[in-house]
Amino acid sequence: MNCIICKRELKREGNSFRCENGHCFDIAKQGYVNMSRKQKDTGDNKEMVRARTNFLEQGLYDFMRQKVCSLIRHYHPHVLVDIGCGQGYYTQAFEVPEKYGVDLSKEAILHAAKTDKSTLYIVSTIYDLPFADDSVDMVTSIFTPLPVKEISRILKEDGVLIIVSPAEYHLVELKEQLYDKVYLNEEKREELEGFVLVHDEVITDKRKVDDVWDLFEMTPYRYRSPKEGIEKIRNLDELDITFSFLIQVYRKKQI
């Protein structure tokens, strides 16, 4: 890892990481490192983390997680960075010798570090990652904004980027409860500068959801839905919902 202040290499000294210029980042008792320059907590709050954890632990997204794990095994990276890792639901399942989870939410990282000791979790922005140039074999981005230049910087030549995003019909039944007019998701297939697309597929499953509210709480629709739609969700006991994901694999171009 590199210091976020001076970009020099960080070395572990006891329960801290320290660079040659004396900048120091302590390892919390839960096992994570806070490298955020933000004074106030940002990202998901405690309630959002709780809702996302409650939903994910039902296993409804596990088929997607297993697909990502199989892709990781195919490329067998040694060093992996999961950006926007949240509470580590996906990261903890990745079988990699050296892995890091990065997220700006201290609450999410706290949960991740408590439950997963196989990963070093870091509170940090994904737009200034604490890793050296050309030092990482793989980056995973699951429902996360894509800082392409920063990902390219840390990836080794021929390194791999795995992206998971909502496919066209993802959560369509939930949106039908919320809105009079439903817009399907746009499946973004675009060229990424410095990368070549090597894998592209959509995987889909339809499952009965018993706690629709927790699912709703972890989506962006929670903050941009009409009151009438929110009340309909609050009063639902269960709903059959489509889960559909676009999974893409990019390889960094050789210079």
Derivation of the side-chain contact (heavy atoms from CB on, under 4.5 Å) call for E98 and Y100 | CA-CA 7 Å; E98 184 179 340; Y100 302 87; 2.4 Å; yes
Criterion side-chain contact (heavy atoms from CB on, under 4.5 Å) on I162 and Q248, from CA distance to verdict | CA-CA 6 Å; I162 298 178; Q248 298 169 297; over 6 Å; no
Evaluate the side-chain contact (heavy atoms from CB on, under 4.5 Å) criterion for residues T119 and Y32: first the C-alpha distance (whole Å), next the side-chain angles of each, then the deciding distance (0.1 Å), finally the verdict.
-> CA-CA 9 Å; T119 306; Y32 71 90; over 6 Å; no
Residue pair R153, D134: steps toward the salt bridge (Lys or Arg N to Asp or Glu O under 4.0 Å) verdict | CA-CA 6 Å; R153 180 187 68 79; D134 309 309; over 6 Å; no
Under the side-chain contact (heavy atoms from CB on, under 4.5 Å) criterion, do V33 and L120 qualify, and how do the steps go?
-> CA-CA 8 Å; V33 182; L120 178 59; 4.0 Å; yes
Run the numbers on K188 and E186 for salt bridge (Lys or Arg N to Asp or Glu O under 4.0 Å), then give the verdict.
-> CA-CA 6 Å; K188 295 183 178 180; E186 179 187 358; 5.6 Å; no
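Without hydrogens or angle criteria, R8 side chain to C19 main chain gives no donor-acceptor distance under 3.5 Å. The backbone N or O of C85 sits nowhere less than 3.5 Å from a side-chain atom of D82 that would complete a donor-acceptor pair. Distance alone, capped at 3.5 Å, places no donor-acceptor pair between the N21 side chain and the H23 backbone. Looking only at distances, a side-chain donor or acceptor of T115 sits under 3.5 Å from a matching main-chain atom of A112.
By the ring-ring contact (aromatic ring centres under 6.0 Å, His included) test, F63 pairs with F245, sequence neighbours left out. Legend: residues meeting ring-ring contact (aromatic ring centres under 6.0 Å, His included) with F94, ordered by chain and number and at least two apart, are absent. Qualifying side-chain contact (heavy atoms from CB on, under 4.5 Å) partners for C24, counting only residues two or more places apart in sequence or in other chains: S16, R18, D26. Here D237 pairs with nothing under the salt bridge (charged side-chain N to carboxylate O under 4.0 Å, His left out) rule; sequence neighbours left out. Take F216 and apply the ring-ring contact (aromatic ring centres under 6.0 Å, His included) test, not counting sequence neighbours, and it matches W213. In this structure D116 satisfies the salt bridge (charged side-chain N to carboxylate O under 4.0 Å, His left out) test with no other residue, sequence neighbours excluded. Y179 meets the side-chain contact (heavy atoms from CB on, under 4.5 Å) test with K175, Y221, R224, S225, P226; sequence neighbours excluded. The salt bridge (charged side-chain N to carboxylate O under 4.0 Å, His left out) check on R207 picks up D205, with sequence neighbours excluded. Judged as a ring-ring contact (aromatic ring centres under 6.0 Å, His included), and not counting sequence neighbours, F25 has no contacts. In this structure, the side-chain contact (heavy atoms from CB on, under 4.5 Å) partners of S244, at least two apart in sequence or on a different chain, are A167, H170, V202, T204, T242. Every side-chain contact (heavy atoms from CB on, under 4.5 Å) that K114 has, sequence neighbours left out, goes to Q30, L110. With sequence neighbours left out, the salt bridge (charged side-chain N to carboxylate O under 4.0 Å, His left out) criterion links E238 to K208.
Considering only heavy atoms from C-beta on, N34 stays 4.5 Å or farther from I109 through its side chain. In this structure, K232 and L178 have side chains that are not in contact, with every pair of non-hydrogen atoms separated by 4.5 Å or more. Side-chain contact between L192 and L146 is present, with at least one heavy-atom pair separated by less than 4.5 Å. Two residues are said to be in side-chain contact when any heavy atoms from C-beta on lie closer than 4.5 Å; M64 and I142 meet this criterion. The shortest distance between side-chain heavy atoms of E57 and F55 does not fall below 4.5 Å. Within the 4.5 Å cutoff, side-chain heavy atoms of D128 are placed close to those of K7. P130 has its side chain within reach of I122: a pair of non-hydrogen atoms, C-beta onward, lies under 4.5 Å apart. Residues I163 and Y250 are in side-chain contact: their nearest non-hydrogen atoms beyond the backbone lie under 4.5 Å apart.
Between P145 and Y127, the shortest heavy-atom distance links the atoms CB-OH, 3.2 Å. Nearest heavy atom pair, residue V249 against residue L197, reads O-CD1, 3.4 Å. Taking both residues in full, the closest heavy atoms of S105 and V49 are given as OG-CG2, 4.4 Å, listed atom of the first, atom of the second, then distance. Contact record, Q87 with L56: NE2-CD1, 4.1 Å, taken as the closest heavy-atom pair. Of all the heavy atoms in L129 and I126, the pair that sits closest is CG-O, 3.5 Å. When all heavy atoms of K253 and E157 are compared, the closest pair comes out as O-CG, 4.3 Å.
If you take OG1 on T125 and CD on E150, they are separated by 8.5 Å, rounding to the nearest 0.5 Å. Going from atom CD of E20 over to atom SG of C3 covers 10.0 Å, rounded to the nearest 0.5 Å. Rounding to the nearest 0.5 angstrom, the gap separating the CG atom in L80 from the CG atom in D137 is 8.5 Å. Residue L60 holds its CG atom at 8.5 Å from CG of D210, rounded to the nearest 0.5 Å. Atom-to-atom distance recorded for Q177:CD and I241:CD1 is 8.5 Å, nearest 0.5 angstrom. Atoms NZ and CZ, from K252 and F195 in turn, are 6.5 Å apart once rounded to the nearest 0.5 Å.
Note on K206 versus D240: no salt bridge recorded, every NZ/NE/NH1/NH2 to OD/OE distance being 4.0 Å or above. Under a 4.0 Å N-O distance rule, the pair K67/E201 qualifies as a salt bridge.
Using cut-offs of 30° and 60° on the angle between ring planes, the pair F143 and Y61 is tilted.
V81 and V68 are not part of a single hydrophobic cluster, where members link through side-chain heavy atoms under 4.5 Å apart. Using a 4.5 Å cut-off between side-chain heavy atoms of Ile, Leu, Val, Met, Phe, Trp and Tyr, with links allowed through other members, Y121 and M35 fall into different hydrophobic clusters. Hydrophobic cluster membership differs between V139 and V196, with clusters built from Ile, Leu, Val, Met, Phe, Trp and Tyr side chains linked at under 4.5 angstrom. With hydrophobic clusters built from ILVMFWY side chains whose heavy atoms lie under 4.5 angstrom apart, Y90 shares a cluster with F243. By the criterion of side-chain heavy atoms lying less than 4.5 angstrom apart, applied directly or through intervening Ile, Leu, Val, Met, Phe, Trp or Tyr residues, I83 is not grouped with Y75; the two fall into different hydrophobic clusters.
Other residues, nucleotides and ligands contribute at most 12 non-hydrogen atoms within 6.0 Å of the NZ atom of K149. By the neighbour-count criterion of 12 heavy atoms within 6.0 Å, atom CG of D158 is densely surrounded, having more than that number from other residues, nucleotides or ligands.
Cation-pi contact between R52 and Y89: absent, since separation from the ring centre below 6.0 Å together with deviation from the ring axis within 45° is not met.
Side-chain contact of K99 with S118: a donor-acceptor pair under 3.5 Å is present, judged by distance alone.
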